[in-house]
Amino acid sequence: MSVSREHFGSKLGFILAAAGSAVGIGNLVGFPVAAAKNGGGAFLFIYAMFVIFICLPVMMAELTMGRTSQQDPARAYTQIGGQSKWWSLAGLLGVITPFMIAVFYAVITIWIIGYLGAIFMGDLALLADGSYFSEFISSSTIFYYMVAIGLIVFGILAGGVKHGIERMAKLLMPALFVMLIGMVIYTLTLPNAISGVSFYLVPDFEKVTGQVVSGALSQAFFSLSLGMGILITYGSYMDRNTDIRASSKWVAATDTLVAFSAGLLMLPAIFSFDPGVDTESLSESSVTLVFSFLPKIFLSLQGDIGFIGASVVAATFFILVLVAAITSLVSIIEVPLASIAETEHWSRGKSIALLALLMAVFTVPAAMSFGFAELFTSFTHYAGGDKSLFDVIYDVFYDTILPLNGFLVCIFVIYRWKKANFQAALHEGSSNTSMSWFDRYINVALGTFIPLVLVVIFINTVATKFFASPLF
Ligand code: PHE
């Protein structure tokens, strides 16, 4: 165990940092789109069930692994469970996954800051034009924004756990909540907002297919930053007197509440802009929604609040998403960073230099996957479609690997570490010694029901994504 391992300064600091990781583009954009497309209230219900009964126990398991081992994911398994070739492989996957997610997440964050830049330059009308997005993402401008994002994210990481990550979260997360509440209140006052709200909340169980259920679990996993090694790493910065069970509930509740509120922002805005909107075509992709459709909505506000007013609303929205994306990027890049520093016994600064280089090596081609370079744009072919390099990274690491990593965590804590040891470690730091029904549920489900669901979802996702033949 490293004696000098830095820890979070306070419980609130930890909760905000973990919530900062969890609240991201997935909540603000992915969730509302998924809910709109997949049965509104029915999707919300399924999602909430997954958060409580699958994700929350996995979150507690990851945090406990981190806190007990005081290691990054690459070493946590073997530190706790003893040397084993197979479990070191699980650890390796726990570091490669966040690195690759960071790559595609960085590309989207670059687009967001690029849009924000354009709004500041008074170009909202240009953004609302149908062809802007595809021109922008295939232009060389993205590289300037890539440098900007790199400087921000690695700048924060250079401050360390307490003065970098925790301070950022304490500053940015409250700002994010305020902006989100402000935007929700504003969009709810727009004409016809209420039909958006009812579309969002009224359940339509007919739309719930096997795919929808599978997608809801993937969305919940991604949204709560599970299976990415992040919570193992953040757990290793937690004090032994912090109650993991209570903190996890706060993080999951915050994340879910933000996702829910984002729907109250998006759907009223969409329905107010176009009351007869064809929700099927609209919700095909969250990327199209944010980068092509939303600018049109913002621009349409100029009739009421003028061009400057419309630009201010648009800028607020993109700042909101940017803040959410940056706090998530910081958390995910911290995983390979901690791992490099630990493996090489390097200083944080030196590890950052190497990691920044590695990130660039992967992010540059991924960002060129949208027409800038043919090689990366038409990279390969599977499941009946042409795939860019970005698509491949996204398909493998967005929703395929996460349930697998979650499955490995469950099996590890219950069968390798052993249930009783895990339980004791989980309860350390909690003054509440009584077992609630939920504690009893975790005790049984983490070794049975939860890994079973996760492995089925994993197999189904592989069958769907790579062989175009879903099992259900
Ligand atoms: N929870 C994040 C989101 O919803 C996912 C994520 C976390 C992505 C950390 C990257 C890094 O967007």
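Read the numbers this way: they start at 1 and go in the same order the structure lists the ligands and their atoms.
Looking at R67, its side chain does come within 3.5 Å of a backbone N or O of T242 through a donor-acceptor pair. At least one donor-acceptor pair under 3.5 Å links the side chain of N405 to the backbone N or O of G227. At distances below 3.5 Å, at least one donor-acceptor pair connects side-chain atoms of T78 with backbone N or O atoms of R75. A donor-acceptor pair is defined here as one N or O able to donate and one able to accept, closer than 3.5 Å; no such pair exists between the side chain of Y394 and the backbone of Y105. A donor-acceptor pair is defined here as one N or O able to donate and one able to accept, closer than 3.5 Å; such a pair exists between the side chain of S139 and the backbone of F136.
With a heavy-atom cut-off of 4.0 Å, I230 touches ligand 1 through its side chain alone. Residue N27 touches ligand 1 through backbone and side chain together, judged by heavy-atom distances below 4.0 Å. For S331, every heavy-atom contact with ligand 1 shorter than 4.0 Å involves the side chain, none the backbone.
Among A325, A22, A259, the residue whose heavy atom lies closest to atom 1 (N) of ligand 1 is A22.
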task: Kindly determine whether F317 and F298 satisfy ring pair (Phe, Tyr, Trp, His ring centres under 6.0 Å), including the steps that lead there.
output: CA-CA 10 Å; F317 176 80; F298 292 131; 5.6 Å; yes
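Polar contact check, G26 against ligand 1: a nitrogen or oxygen pair lies under 3.5 Å apart. Here's the thing with L224: none of its N/O atoms is less than 3.5 angstrom from an N/O atom of ligand 1. Where the criterion is an N or O separation shorter than 3.5 Å, residue side chain and backbone included, S223 meets it with respect to ligand 1.
Summary of contacts: the protein heavy atom closest to atom 9 (C) of ligand 1 is S328 O, 3.4 Å. Closest to atom 12 (O) of ligand 1 among all protein heavy atoms lies Y105 OH, 2.6 Å. Among protein heavy atoms, the minimum distance from atom 5 (C) of ligand 1 is reached at F222 O, 3.3 Å.
In summary, R5 and E342 engage in a salt bridge, as defined by a charged side-chain N under 4.0 Å from a carboxylate O.
Listed by number with element, the atoms of ligand 1 under 4.0 angstrom from any heavy atom of S21 are 1 (N), 2 (C), 7 (C), 9 (C).
With hydrogens and angles left out, the side-chain atoms of T377 and S388 include no donor and acceptor closer than 3.5 Å.
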